[in-house]
Colleague: 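Here you go, one structure.
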Amino acid sequence: MDNASYHSVKLDPIPIIAWKRDKIVQWLRSKGCSIETPMVKHLMLEKVREIRHLHDKYVIDEEALKSNRIVLRLPPYHCELSPIELEWAAVKIHVNYNNTTFKFNDVQKLLVDGVNLVTPDMWANFVRYETQY
């Protein structure tokens, strides 16, 4: 799958500089780190960086592991590596050529029609195109 943000939801978000100090302390303590109080925020974030690799996990990766699968991440919107981008381009062309009213309901219907126009042969061609790279 591509690396779009909706595919990359963190299982447990990692603290960043914008987080409030108390929330960083809470996160570190939940990971078993002892925090000396008071501690400057940038020192707490250094501790975060030290243990980040242990907790930096994505929801989809963890779900895939339950089925003994791994997720291969591709660059976002990269048509040579992801055939769905070619299919989506075909759907958008259909909408562009047939959209005469510019009304939401009509565009929505054109989108559904465009998806339904993609045949198994078209999909096979998209995949074949992808495997050339």
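We number each residue from 1, following the sequence as shown.
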Colleague: Kindly write out the residues that satisfy side-chain contact (heavy atoms from CB on, under 4.5 Å) with T119, not counting sequence neighbours, or none if the list is empty.
Modeller: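 Scan of T119 (side-chain contact (heavy atoms from CB on, under 4.5 Å), adjacent residues dropped) gives D121, M122.
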Colleague: Is Y6 isolated, or which residues cluster with it under the ILVMFWY side-chain rule of less than 4.5 Å, directly or via members?
Modeller: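 Via sub-4.5 Å side-chain contacts, Y6 links to none.
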Colleague: Any salt bridge (charged side-chain N to carboxylate O under 4.0 Å, His left out) pairs touching residues 3-25, not counting sequence neighbours?
Modeller: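 Sorted result for residues 3-25: K10-D56, D12-K31.
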Colleague: For the residue pair R29 and I35, what are the closest heavy atoms and their distance?
Modeller: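 Closest approach of R29 to I35, heavy atoms only: NH2-O, 3.7 Å.
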Colleague: Can you sort out the partners of K41 under side-chain hydrogen bond (donor to acceptor under 3.5 Å, both in side chains), two or more places apart, ordered by chain and number?
Modeller: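 Result, side-chain hydrogen bond (donor to acceptor under 3.5 Å, both in side chains) vs K41: none returned.
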Colleague: Identify, with sequence neighbours excluded, every residue that meets side-chain contact (heavy atoms from CB on, under 4.5 Å) alongside I84.
Modeller: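 With neighbours one apart ignored, the set is S82, E87, W123.
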Colleague: For residues V40 and V48: do they belong to one hydrophobic cluster (side chain heavy atoms under 4.5 Å, members Ile, Leu, Val, Met, Phe, Trp, Tyr)?
Modeller: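 They do share one cluster, since a chain of ILVMFWY contacts under 4.5 Å joins V40 to V48.
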Colleague: Linking I/L/V/M/F/W/Y whenever their side-chain heavy atoms sit closer than 4.5 Å, directly or via other members, would L110 and I93 fall into one cluster?
Modeller: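 No, because L110 and I93 fall into different hydrophobic clusters, even though each may have its own neighbours under 4.5 Å.
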Colleague: Looking at residues at least two apart in the chain, or sitting in another chain, which of them share a ring pair (Phe, Tyr, Trp, His ring centres under 6.0 Å) with H55?
Modeller: W27
Colleague: Other members of the hydrophobic cluster containing F104, with the 4.5 Å side-chain heavy-atom rule, please.
Modeller: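 Besides F104, the cluster holds no residue at all.
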Colleague: Provide the full list of salt bridge (charged side-chain N to carboxylate O under 4.0 Å, His left out) pairs with a residue in residues 92-101, sequence neighbours left out, each pair given once.
Modeller: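 For residues 92-101, and leaving out neighbouring residues, there are no salt bridge (charged side-chain N to carboxylate O under 4.0 Å, His left out) pairs at all.
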Colleague: If a pair satisfies salt bridge (charged side-chain N to carboxylate O under 4.0 Å, His left out) and one of its residues is in residues 100-110, list it, with sequence neighbours excluded.
Modeller: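 Those involving residues 100-110 are K109-D113.
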Colleague: Return the CD1 to CZ distance between I60 and R73, rounded to the nearest 0.5 Å.
Modeller: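 One finds 8.0 Å between CD1 of I60 and CZ of R73.
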Colleague: Looking only at heavy atoms, which two atoms of V91 and V118 are closest? And how far apart?
Modeller: CG2-CG2, 4.3 Å
Colleague: Kindly say whether V95 contributes a backbone atom to a donor-acceptor pair with the side chain of N99 at under 3.5 angstrom?
Modeller: no
Colleague: Would you say L86 ends up clustered with L117 if hydrophobic residues are merged whenever their side chains have heavy atoms under 4.5 Å apart, either directly or through other cluster members?
Modeller: no
Colleague: Applying side-chain contact (heavy atoms from CB on, under 4.5 Å), can you list everything that pairs with L11, at least two apart in sequence or on another chain?
Modeller: K57, V59, E62
Colleague: Any link between F102 and V107 through a network of hydrophobic side chains (Ile, Leu, Val, Met, Phe, Trp, Tyr) touching at under 4.5 Å?
Modeller: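 No, separate clusters.
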Colleague: Atom NZ in K47, atom OG in S34: separation rounded to 0.5 Å?
Modeller: 5.0 Å
Colleague: Following the transitive rule for hydrophobic clusters with a side-chain heavy-atom cut-off under 4.5 Å over Ile, Leu, Val, Met, Phe, Trp and Tyr, establish whether I51 and I17 coincide in one cluster.
Modeller: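 Same cluster: I51 reaches I17 through Ile, Leu, Val, Met, Phe, Trp or Tyr contacts under 4.5 Å.
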Colleague: Distance-only check: which donor-acceptor pairs under 3.5 Å involve side-chain atoms of residues 63-72, not counting sequence neighbours?
Modeller:
unit_1	atom_1	unit_2	atom_2	d
E63	OE2	K66	NZ	2.9
R69	NH1	S67	O	3.4

Colleague: Not counting sequence neighbours, which residues clear side-chain contact (heavy atoms from CB on, under 4.5 Å) with E46? List them please.
Modeller: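 side-chain contact (heavy atoms from CB on, under 4.5 Å) list for E46, sorted by chain: H42, L43, R49.
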Colleague: Can you see which heavy atom on I24 is nearest to which on P15, and at what distance?
Modeller: CG1-CB, 4.0 Å
